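Quick note: numbers below take in every heavy atom, side chains included, and nothing from hydrogens, waters or symmetry partners. Quick caveat, the model's predicted, so the values are computed rather than measured. Per chain, numbering begins at 1; letters A, B, ... match sequence-line order.
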Amino acid sequence: MDDLHFASGAVVAVLTAQPLDGCLDYIAPEGGCATGDFVEVPLGPRRVLGVVWGPGESGLPREKLRRVGRMLDAAPMQAGLRAFLERAAEYTLTPLPMMLRLATRVPGLGSEQALRRVYRRGVAEPDRMTDARARVLDALEGWDGAPVTQAELAAAAGASGSVIKGLVAQGVLEAVDLPRDPPYPRLDPARPGHPLSADQGVAASSLRAAVASGAYGTTLLQGVTGSGKTEVYLEAVAECLARGRQALVLLPEIALTAEFLTRVEARFGARPAEWHSGVTMAERRRAFAMIGQGQAQLVVGARSALFLPYRELGLIVVDEEHDTSYKQEEGVFYNARDMAVLRASLERCRVVLASATPSLESWVNAQSGKYDRCVLTARHGTAALPRMAAIDMRGEDLPGQSWISPSLRRAVAARLEAGEQALLFLNRRGYAPVTLCRACGHQVGCADCDARMVEHRFLKRLMCHQCGASRPMPEACPACGAEGRMAAVGPGVERLAEEAAAAFPDARLAVLSSDLFGTTRELKAQIEAIAEGAADIIIGTQLVAKGHNFPLLTLVGVIDADLGLQGSDLRAAERTFQLMRQVAGRAGRADRPGEALLQTFQPEHPVIRAILTGAEDAFWNAEADERRALGMPPFGRMAGIILSGPDVQAVFDLGNALARNADPLQRIGAEVWGPAPAPIARIRGRHRVRLLVRAPRAAPLQAALARWIAPLKLRGGLRLAVDIDPQSFL
DNA sequence: CCTCGTTCATAG
DNA sequence: TATGAACGAGGC
């Protein structure tokens with residue numbers, strides 16, 4: 001994408017962030033403009049933000065065009081980012097203006113750079129030295145030349161602002177106006193890092209070499225839990241910074257950034273820029289501006305950080321690359337891991353995908369040689385990998401309404417005796433997954449969707465885990481009216497906690513489930529307390545699998561290891577494998593290997609076997625083969641199903657039906673990303689809703705849709721189009 | 001006949 | 001998205 005300059009009066013296409021289909025043509029302003037310039041353009045009665053995108057393209061007669069309003073004070077959008085937005089829009093079947101919106105979501109873009117007044121020592125001497133004046137000058141001395149505002153200086157000196165004013169009037173102090181957003185402190189890549197093990201050293205130097213080559217490439221950094229992946233990729237970051245290019249580290253959860261920032265500070269001597277939904281408006285504005293000026297060397301952020309205007313990006317790290325939170329399923333649908341690869345390929349930049357349990361796509365790409373691969377086998381700082389074993393539930397004598405097998409119970413008791421911590425893992429929130437009436441057999445379902453309601457006893461409510469609806473726990477059956485006959489069926493973590501409390505009355509229990517904590521801060525505090533030994537038994541859902549360390553933990557018991565294997569979900573096996581390995585990896589400490597026990601009814605199931613033996617390659621091979629047999633390439637292409645019609649309700653009904661009842665699509669190997677909650681566009685009177693599908697070739701997808709949709713009766717002039725991405729960048 | 005609320009097309 | 005035009009219901 002070349003940068004073009006347009007003379008005043010030329011016709012240019014301007015991309016706005018308005019919900020249109022594409023660019024609009026305008027007349028270039030006095031003094032001309034260039035591609036990438038941020039401008040303000042008239043749109044109807046409004047003035048909106050836009051970016052000059054290229055030469056005019058509509059062919060409309062000149063007299064119908066309006067003139068670009070004014071140039072905005074922001075670094076022009078570079079060709080790399082513009083190309084990225086275009087390719088990403090194509091790939092995710094998103095209108096380009098919506099992509100621009102992702103890249104311009106920052107307050108005050110284009111408004112005058114605000115100033116702040118700071119003070120430094122002037123040439124004059126004070127006419128009289130008073131106590132307060134001396135304190136001010138002392139405080140200024142102690143500030144070491146860094147910019148200091150009046151309020152800061154007054155507070156440090158314990159004097160009022162008028163003392164400072166007085167000194168300024170005499171020329172003892174000098175006021176200077178600096179931009180409000182200060183650059184980020186320099187990171188020092190030359191500082192010595194953590195000492196690396198032999199394994200880590202090999203991986204680190206290969207990543208350093210890859211970054212140094214200054215070319216696009218992707219490396220899968222695969223390392224078991226505790227093998228020290230972070231130290232290794234921080235070496236790649238160091239290499240990138242040393243070469244004067246910017247680095248981006250993506251993390252799946254905001255909760256993990258605080259700890260990571262501390263590690264960066266320890267490694268490079270200062271804190272990097274941060275970008276995620278929890279960052280304040282002022283800090284966002286600063287980060288956006290500094291990244292655009294190349295004054296932020298390292299950015300740590302969530303997936304949206306991919307759309308920032310880096311000056312010279314040299315490295316993107318996607319940590320925990322298998323994590324499903326990288327999938328954005330609202331508004332613009334994308335997977336940040338894929339978009340990282342796309343952006344890097346357009347910026348001659350390196351990508352590092354780090355995970356203990358890579359996604360199938362990444363594994364296949366590494367296997368086929370498309371990605372390089374670095375493997376860390378040894379654990380760092382911990383004894384050894386946990387010992388894995390199955391508890392065959394067919395041979396366990398377990399009374400009804402209880403779920404902790406005698407074998408597991410003995411193992412937990414032994415750990416408690418030794419003063420160690422145990423984790424009971426059940427990936428099911430709430431008290432019981434099913435609530436039914438013993439009088440008529442009715443199962444309480446959700447009124448808004450087709451899922452069953454889950455009892456949450458702490459909250460005394462029924463909740464729908466699919467759509468979030470909730471209602472008070474009913475006394476009487478909603479179907480037959482029988483009083484007091486509602487029964488809980490099956491276990492959730494809350495019920496498991498009840499059982500554990502009865503079985504181990506002297507143990508201190510802690511339940512970790514995402515719905516039990518109001519704020520991330522409360523959750524963090526609880527996790528820290530547990531890590532320091534405030535609980536003997538932890539009972540948790542998949543929350544505990546996500547990157548938090550429990551150094552005292554030596555036993556993990558999985559209550560229902562088969563849970564994720566039911567259903568026709570294409571990724572069921574992959575997800576179960578990842579989850580089990582991640583949870584098991586929590587067990588073990590420096591002086592003592594851990595143990596993981598999986599309760600299962602099918603110990604011979606290939607997924608369970610793979611989890612137990614750690615035969616990952618064989619497992620991934622089998623998975624890849626299975627998808628090939630479905631006619632699906634190991635990683636699919638994106639396809640969009642676009643529903644369009646004048647009746648918005650009809651469009652949504654069908655969109656939801658497609659997303660929720662996606663079996664026919666899954667059977668042909670397509671992974672469906674649910675419909676956007678709002679129409680993506682309303683064009684020429686027709687609403688459009690789009691589902692995104694990672695799919696096999698177009699033909700089977702189209703055939704499956706036709707078979708499926710035909711009997712659904714398209715209400716209200718509904719139309720359906722299937723749009724298959726013509727190429728894949730991977 | 002006027003006012004209010006809602007729906008709908010439209011933007012260069 | 002945000003605006004204004006168009007329309008219909010209801011009040012005076």
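Every residue two or more places apart in sequence or in another chain was checked for a salt bridge (charged side-chain N to carboxylate O under 4.0 Å, His left out) with A/Glu274, and none qualifies. Partners of A/Val11 under the side-chain contact (heavy atoms from CB on, under 4.5 Å) rule, at least two apart in sequence or in another chain, are A/Asp25, A/Arg62, A/Leu65. Here A/Gln295 pairs with nothing under the side chain to side chain donor-acceptor pair (under 3.5 Å) rule; sequence neighbours left out. Remark: A/Thr149 pairs with A/Arg116, A/Val118, A/Ala151, A/Glu152 by the side-chain contact (heavy atoms from CB on, under 4.5 Å) rule, at least two apart or across chains.
Between the CG atom of A/Asp21 and the P atom of B/dG12 there is a distance of 16 Å, rounded to whole Å. Distance, A/Leu20 CG to B/dT10 P: 13 Å, rounded to whole Å. A straight line from CG of A/Leu24 to P of C/dT1 spans 17 Å, rounded to a whole angstrom. In this structure, the CG atom of A/Leu15 is 15 Å from the C1' atom of C/dT1, given to the nearest Å.
The ring pair (Phe, Tyr, Trp, His ring centres under 6.0 Å) contacts involving residues 68-88 of chain A comprise A/Phe84-A/Phe307, where partners must be two or more places apart or lie in separate chains. The list of side chain to side chain donor-acceptor pair (under 3.5 Å) pairs with a residue in residues 301-317 of chain A, not counting sequence neighbours, reads A/Arg245-A/Glu312, A/Trp275-A/Ser304, A/Arg303-A/Gln328. Among residue pairs with one or both ends in residues 6-40 of chain A, none qualify as ring pair (Phe, Tyr, Trp, His ring centres under 6.0 Å); sequence neighbours excluded.
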What's touching nucleotides 2-6 of chain C from the protein side, N or O pairs under 3.5 Å?
unit_1: C/dA2; atom_1: O4'; unit_2: A/Arg46; atom_2: NE; d: 3.4
unit_1: C/dA2; atom_1: O4'; unit_2: A/Arg46; atom_2: NH1; d: 3.0

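Remark: A/Ser58, A/Leu60, A/Lys64, A/Leu65, A/Arg66 in residues 57-68 of chain A come within less than 4.0 Å of DNA chain B through at least one heavy atom.
Judged by distance alone, the side chains of A/Glu321 and A/Ser359 do bring a donor and an acceptor atom under 3.5 Å apart.
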